[in-house]
Colleague: 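Here you go, one structure.
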Amino acid sequence: MKSSPHLLESLGITVEKIRKERKLTKTALAGFADLQDCYIRGIIKGTRNPTITAISSMCEALGISLPEFFQRVTEELKSRQGRDHSR
């Protein structure tokens, strides 16, 4: 299976941006999403590969729909890939 080298990083950056927009701490996000703090931190760092269930829980806690979330992840991913090609 082919994977994007920036996918997890882009997903984490997107979670972090939305979390800050909503003025939530990582601990609050973890609590609202019913996930462990360390799991949220790993997602944000791009070191965890979250399940769709975890992503759905985070989106619900962040007040964003799954399609909107994945659109933002896609935009972040394209931005990161564009930076690689311009080097």
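In this chain, residues are counted from 1 in sequence order. For the numbers below, each heavy atom of this structure counts, side chains included, while hydrogens, waters and symmetry mates do not.
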Colleague: How would you list, by chain and number, every residue that makes a side chain to side chain contact (heavy atoms under 4.5 Å, CB included) with Ser56, sequence neighbours excluded?
Modeller: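 Side chain to side chain contact (heavy atoms under 4.5 Å, CB included) list for Ser56, sorted by chain: Leu66.
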Colleague: Do the side chains of Met58 and Ile40 get nearer than 4.5 Å, heavy atoms only?
Modeller: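 Counting from C-beta outward, Ile40 and Met58 do come under 4.5 Å.
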Colleague: Looking at Phe32, I want to see if its CZ is surrounded by more than 12 non-hydrogen atoms of other residues, nucleotides or ligands under 6.0 Å.
Modeller: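 No, the 6.0 Å shell around CZ holds no more than 12 heavy atoms from other groups.
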Colleague: In residues 8-21, what donor-acceptor pairs under 3.5 Å come from side-chain atoms, sequence neighbours left out?
Modeller:
unit_1 : atom_1 : unit_2 : atom_2 : d
Glu9   : OE1    : His6   : ND1    : 3.2
Glu9   : OE2    : Arg80  : NE     : 3.4
Glu9   : OE2    : Arg80  : NH2    : 3.3
Ser10  : OG     : His6   : O      : 2.9
Thr14  : OG1    : Ser10  : O      : 2.8
Glu16  : OE1    : Arg19  : NE     : 2.9
Glu16  : OE1    : Arg19  : NH2    : 3.2
Glu16  : OE2    : Arg19  : NH2    : 2.8
Lys17  : NZ     : Glu76  : OE1    : 2.8
Arg19  : NH1    : Leu24  : O      : 2.4
Glu21  : OE1    : Arg72  : NH1    : 3.2
Glu21  : OE2    : Arg72  : NH2    : 2.6

Colleague: Can you name the side-chain hydrogen bond (donor to acceptor under 3.5 Å, both in side chains) partners of Glu60, sequence neighbours left out?
Modeller: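 In terms of side-chain hydrogen bond (donor to acceptor under 3.5 Å, both in side chains), with neighbours along the sequence ignored, Glu60 is linked to no residue.
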Colleague: For side chain to side chain contact (heavy atoms under 4.5 Å, CB included), just list the numbers for Leu29 and Arg22, CA-CA rounded to whole Å, side-chain angles, deciding distance to a tenth of an Å, and then say yes or no.
Modeller: CA-CA 10 Å; Leu29 173 57; Arg22 304 297 195 264; over 6 Å; no
Colleague: Nearest 0.5 Å please: distance from the CG atom of Leu7 over to the CD atom of Gln81.
Modeller: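 It is 9.0 Å, given to the nearest 0.5 Å.
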Colleague: Let me check something: any side-chain donor-acceptor pairs from residues 45-53 under 3.5 Å, sequence neighbours excluded? List them with distances.
Modeller:
unit_1 : atom_1 : unit_2 : atom_2 : d
Thr47  : OG1    : Gly42  : O      : 3.2
Thr51  : OG1    : Thr53  : N      : 3.4
Thr51  : OG1    : Ala54  : N      : 3.0

Colleague: What are the two closest non-hydrogen atoms of Ala33 and Ala61, and how far apart are they?
Modeller: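 What the structure gives for the nearest pair is N-CB, 3.8 Å.
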Colleague: Tell me, please, which residues at least two apart from Asp34 pass side-chain hydrogen bond (donor to acceptor under 3.5 Å, both in side chains).
Modeller: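 Testing Asp34 for side-chain hydrogen bond (donor to acceptor under 3.5 Å, both in side chains), a comparison that skips the adjacent residues, returns none.
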Colleague: Nearest heavy-atom pair of Cys59 and Ser65: which atoms, and what distance?
Modeller: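 Answer, listing the atom of Cys59 first, then Ser65: SG-O, 4.4 Å.
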Colleague: Does Thr74 have any side chain to side chain contact (heavy atoms under 4.5 Å, CB included) partners at least two apart in sequence or in another chain, and if so, which?
Modeller: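 In terms of side chain to side chain contact (heavy atoms under 4.5 Å, CB included), with neighbours along the sequence ignored, Thr74 is linked to Lys78.
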